[in-house]
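One structure is given here, and the rest of the page talks about it.
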Amino acid sequence: MRPDYIPKDIEAAAQQRWEDQQAFRASADSPKPKYYCLSMFPYPSGKLHMGHVRNYTIGDVLSRYHRMKGQNVMQPMGWDAFGLPAENAALANNVPPAAWTYSNIEHMKQQLKSLGLGIDWSREITTCKPEYYRWEQWLFTRLFEKGIIYKKTAAVNWDPVDCTVLANEQVIDGCGWRSGAQVEKREIPMYFFRITAYADELLDGLDNLPGWPEQVKTMQRNWIGKSHGCEIEFPYDAAVGREGALKVYTTRPDTLMGATYVAVAAEHTLAAQAAGNNPKLAAFVAECMRGGTAEADVATMEKKGMDTGLFVNHPLTGERLPVWVANYVLMGYGEGAVMAVPAHDERDFEFAENHGLPVKHVVASRELLAGWEKLETALSGEGVAVSLETMDRLGMLACLTGALESLSGAPSEALIKAVNDFAVQLQSESPNTEYGTLTCSGKYNGMDFRQAFDAIAADLQAKGLGRKRTQFRLRDWGISRQRYWGCPIPVIHCPACGDVPVPDEQLPVVLPENVTITGAGSPLAKMPEFYQCACPKCGGEARRETDTMDTFVESSWYYARYASPDCATGMVDKNAAQHWLPVDQYIGGIEHAILHLLYARFFHKLMRDEGVFGDLRAAQNLDEPFSNLLTQGMVVAPTFYREDASGKKQWINPADINVATDARGRPFGATLKADGQPVIIGGTEKMSKSKNNGVDPQAIIDKYGADTARLFIMFASPPDQQLEWSDSGVEGAYRFLKRVWSFAYENNTSIGEHNGNIKHPPEKFVFDWKNISDNFKVARREIHEHLKQAHFDFDRHQFNTVIAACMKILNTIYRIHEPGLKDGECTPVWFIPQVALKSEGLSILLRLLSPITPHIAQTLWRELGYGDDILAAPWPEADEAALEQDEIELVIQVNGKLRGSLRVGKDTGKAALEQLALAHPAVQKLLAGGAAKKIVVVPGRLINIVA
RNA sequence: GCCGGGAUGGUGGAACUGGUAGACGCGCCGGACUCAAAAUCCGGUAUCUGAGAGGAUGUGGGGGUUCAAGUCCCCCUCCCGGCACCA
């Protein structure tokens, strides 16, 4: 055995061994229970980044852990190969997207292999290959025929200079990233997946996912946004142009009597109609069309609006309400129109304040009602009666003003104060968005939310001007992309037959790979050899669709494809699907919590309903694709920069920086290694090219080895938290592995001999641990306590404390020594238990470490004669007998403050404990002769004396 | 703006069900080894106060519940993720 830890050598050897043995090839034939462990596949951007390393290490740790616990693990890998960056790279470097993508895959695959991941590479899939996407096209044609896919128009970001559609990412401050031109919203026809048809199932299904983080389920529930409300129609007459009704949806029909105006989106027909003969309004509508479509931008815009001059009628009172155009009302949401109740909605209130629109309170809190009662008493004291009818019509404030004006003399000071008090109270409740009691609402006065909701809905229904409706925030999924590097949409447009899906025998519609990317429009639309075709129905001349699919489509079903990656008869082989699905553990970034994970769940149900998984009775448990989900945090690192003459920040990579610290280790400045001059320390941010704070995983692997990289990443923080990169932390991880190696080397001979004597596996050898010395008993108890803790932490995926437990075990076994004796001098009586204990401790340590740092664990397992293959070793279990203790330590508190401790027999009774605690000198001192009011005894933990 | 998270020593983090705050690392300080350095090993290290024993304070800020709060409840600040065409 070599005295030094040389990761390069042992890692290459271990990886070669796994490759030779095909150690990670998963077969459905195994009698063991299956465990399908999946990490989100990477976009092949060029090289691995730390986020990938983190993701795949977590997946590999779980895979290896479950394998050692006796499961038949399948851990596949593939490439999310379609996407925008390939087109950008093509523009920048003049390389076709296909060639760029394939070469990136080649390189990244080597990098993944060097991490020592236990991946079944025979299942590798690449989404830009026709063998993969043809099945996506196949499903599309089925769904198209079923009506799950339909066509409608939707708004996109249009760059008027480059004449191209931009992704939200490519719109910066409302302008195109390349042209700098102001982006416009433009309506174009697109294909949509009717995901809303599955909204209820997607929502309810979340209740059957106990293995998902609560926060992700909450986000998805909110995203789906099921609400119960009413659709309400506001009729208008011929004065508007023609008779009709403006339809809105609201979750607050109880506030209907407080509606003081209605607002419509710029694209709404009423807006267009009003703009027809109003140039100012037309200009405003055009202004609303400027800017991107991203919701975050729209929602943070200044709320602007303009009066159309049109009126609609309140459905219950017939009152005329003005119609406004507002930029915060979006055509794609609900009906593209809202009823505005400024008194009870934040946005409506702000808008009404800005435009001088009336505010009418119709829902009152208990406090406000009490305030109003007080005011009424004050008013009647001055002989003023408030008419309920007036109040219903005008609202409290207007009604009050009228009443005061009707006073014959000047109001008394008491009345002025009462009025002021009420006004202040009303102001503080504006807007009041809580449920409350209806007021100023005529026949609905006094009702609560539920009663008012039902009564108003019933009245609307009776008038034919509204009804209860359940609505979802979730919108149908538009999948058409006017881009080249994606899966072609398998539709042919025939002038005679309309949109015709491509028949099975003509699939796949292959994306041509040798193209030139210009950045203006899709190259496919310029390739007659691609788009010219015959109609499959009538044979006439037709045009092939040149849009491609959203790349979320590929990533919505890849997990299923892994079950039978080469299946040539369908998306997935039915038997393979029924064997491997669902995914037992899915791991990926929290940023995918909504879109990707919702789309994949949706697709799973589409495939199920299409019979892709076979007979539904046979395909049980196939309603959801991912049983357990782990969402990892991102990898962040410190940033450093200098400002150039123009004030522009020049970001400097942390690798080129020296950080100076004071005597206590506090950083007080940083300098550039190259010139020794100071740089500015920025914040800690997500590793990125733009902040130049990325650390190349390859450099870490080359310098320290994959085990160190994996160990550091798993140790630095729990998987779901963000991970802060630290070079010295990496050094620490490396130091620990060197210490493990040294321990093994130093005890190589004795442990090796011991292991040889007892024959493996070591558990078969029953050592009489009862007769070892007290020191050894303590050491052994520590080891087994740490093991127990590690086990607990493995199961809750808190790998950082698993590693802490490993470090503690190493610290313990390093100290195993009979006092005053060295190995060579030990008498046989001491020597044998000492070696046995060290051997047991190291065997536990190596097996605990093996999922995390598999190369060193495998190497030492063999070197010290535990066995040939640590993957086949049984998972260690804590020995309960080793954990037993006769005496325990209890903490003594006085008034909740720590004042001392007590060693007692483990079975000491409560009364005895109280006596012992009261007799404790620190307690005596604090009680100063007084009696304890109360004594709280928490068994095994503490005694709290309340003085 | 809306939805979801987060904040604990110089630092990454630990504290499982409300029960000894700071495990385990990193850094720093001291020591051993060395001609010296690196590496390695041993010890110390929340803050303030005290010679010391000890005392006081302390988990982003403010309030509350409890014998007891990092943990539960209410309000606030800042940071991060997502917002439907980045993946």
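All values below were derived from every heavy atom in this structure, side-chain atoms included, with hydrogens, water molecules and symmetry-related copies excluded.
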Regarding [X], tell me which of base, sugar-phosphate or nothing describes its non-hydrogen contacts under 4.0 Å with the strands shown.
X: A:M190; value: base
X: A:L942; value: base
X: A:K933; value: nothing
X: A:S901; value: nothing
X: A:F736; value: nothing
X: A:Q215; value: sugar-phosphate
X: A:N944; value: base
X: A:A805; value: nothing
X: A:V946; value: sugar-phosphate
X: A:R899; value: sugar-phosphate
X: A:G478; value: sugar-phosphate
X: A:V156; value: base
X: A:K738; value: sugar-phosphate
X: A:M634; value: sugar-phosphate

What's the gap between [N] and [M] when it is taken at their [atom1] atoms, as a whole Å value?
N: B:rC3; M: B:rU71; atom1: C1'; value: 25 Å
N: B:rA39; M: B:rA32; atom1: C1'; value: 14 Å
N: B:rC2; M: B:rG10; atom1: P; value: 35 Å
N: B:rA14; M: B:rG6; atom1: P; value: 12 Å
N: B:rC48; M: B:rU34; atom1: P; value: 37 Å
N: B:rG9; M: B:rG60; atom1: C1'; value: 15 Å
N: B:rU8; M: B:rG13; atom1: C1'; value: 9 Å
N: B:rA68; M: B:rU77; atom1: C1'; value: 28 Å

**Asked** Taking A:V636 as the fixed residue, which of A:Q722, A:M50, A:K691 is the one that meets the side chain to side chain contact (heavy atoms under 4.5 Å, CB included) rule?
**Response** A:Q722
**Prompt:** Should A:K788 and A:E785 count as an ion pair when the cut-off is N to O under 4.0 Å?
**Reply:** no
**Request:** Could you tell me whether A:D547 and A:R481 make a salt bridge, using a distance below 4.0 angstrom between a side-chain N and a carboxylate O?
**Result:** no
**Prompt:** Okay, side chain of A:T812, backbone of A:I783: is any donor-acceptor separation there less than 3.5 Å?
**Reply:** no
**Prompt:** Would you say the side-chain atoms of A:K185 pair up with the backbone N or O of A:C288, donor to acceptor, closer than 3.5 Å?
**Reply:** yes
**Asked** Counting just side-chain N and O atoms, does A:R735 come under 4.0 Å of either OP1 or OP2 of B:rG27?
**Response** yes
**Fill in**
Separation of B:rG12 atom C1' from A:I713 atom CD1, nearest Å, is 14 Å
**Message:** Nearest whole Å is fine: how far is B:rG12 P from A:F712 CZ?
**Reply:** 12 Å
**Prompt:** Minimum heavy-atom separation for A:V730 to A:F712, with atom names?
**Reply:** N-CD1, 3.6 Å
**Asked** What are the two closest non-hydrogen atoms of A:F82 and A:T127, and how far apart are they?
**Response** CE1-O, 3.5 Å
**Request:** Kindly label the base of B:rG27 as syn or anti, based on whether its glycosidic torsion lies within 90° of 0.
**Result:** anti
**Asked** Taking a pair as Watson-Crick or G-U wobble with both distances under 3.5 Å, which nucleotide is matched to B:rC72?
**Response** B:rG64
**Of A:A733 and A:K686, the one whose closest RNA chain B nucleotide lies more 5'** = A:A733
**Request:** Using the side chain to side chain donor-acceptor pair (under 3.5 Å) rule, pick out the option among A:E724, A:Q798, A:R54 that qualifies with A:S717.
**Result:** A:R54
**Message:** Can a side-chain donor-acceptor contact be found between A:T293 and A:N157 if the only test is distance below 3.5 angstrom?
**Reply:** yes
Look for any protein N or O under 3.5 Å of an N or O in nucleotides 13-16 of chain B and output each such pair with its distance, or none.
residue, atom, partner, partner atom, Å
B:rG13, O3', A:N800, ND2, 3.2
B:rA14, OP1, A:N800, ND2, 3.2
B:rA14, O3', A:Q798, NE2, 3.4
B:rA15, OP1, A:R796, NH1, 3.4
B:rA15, OP1, A:R796, NH2, 2.6
B:rA15, OP1, A:Q798, NE2, 2.9
B:rC16, N4, A:Q789, OE1, 2.9

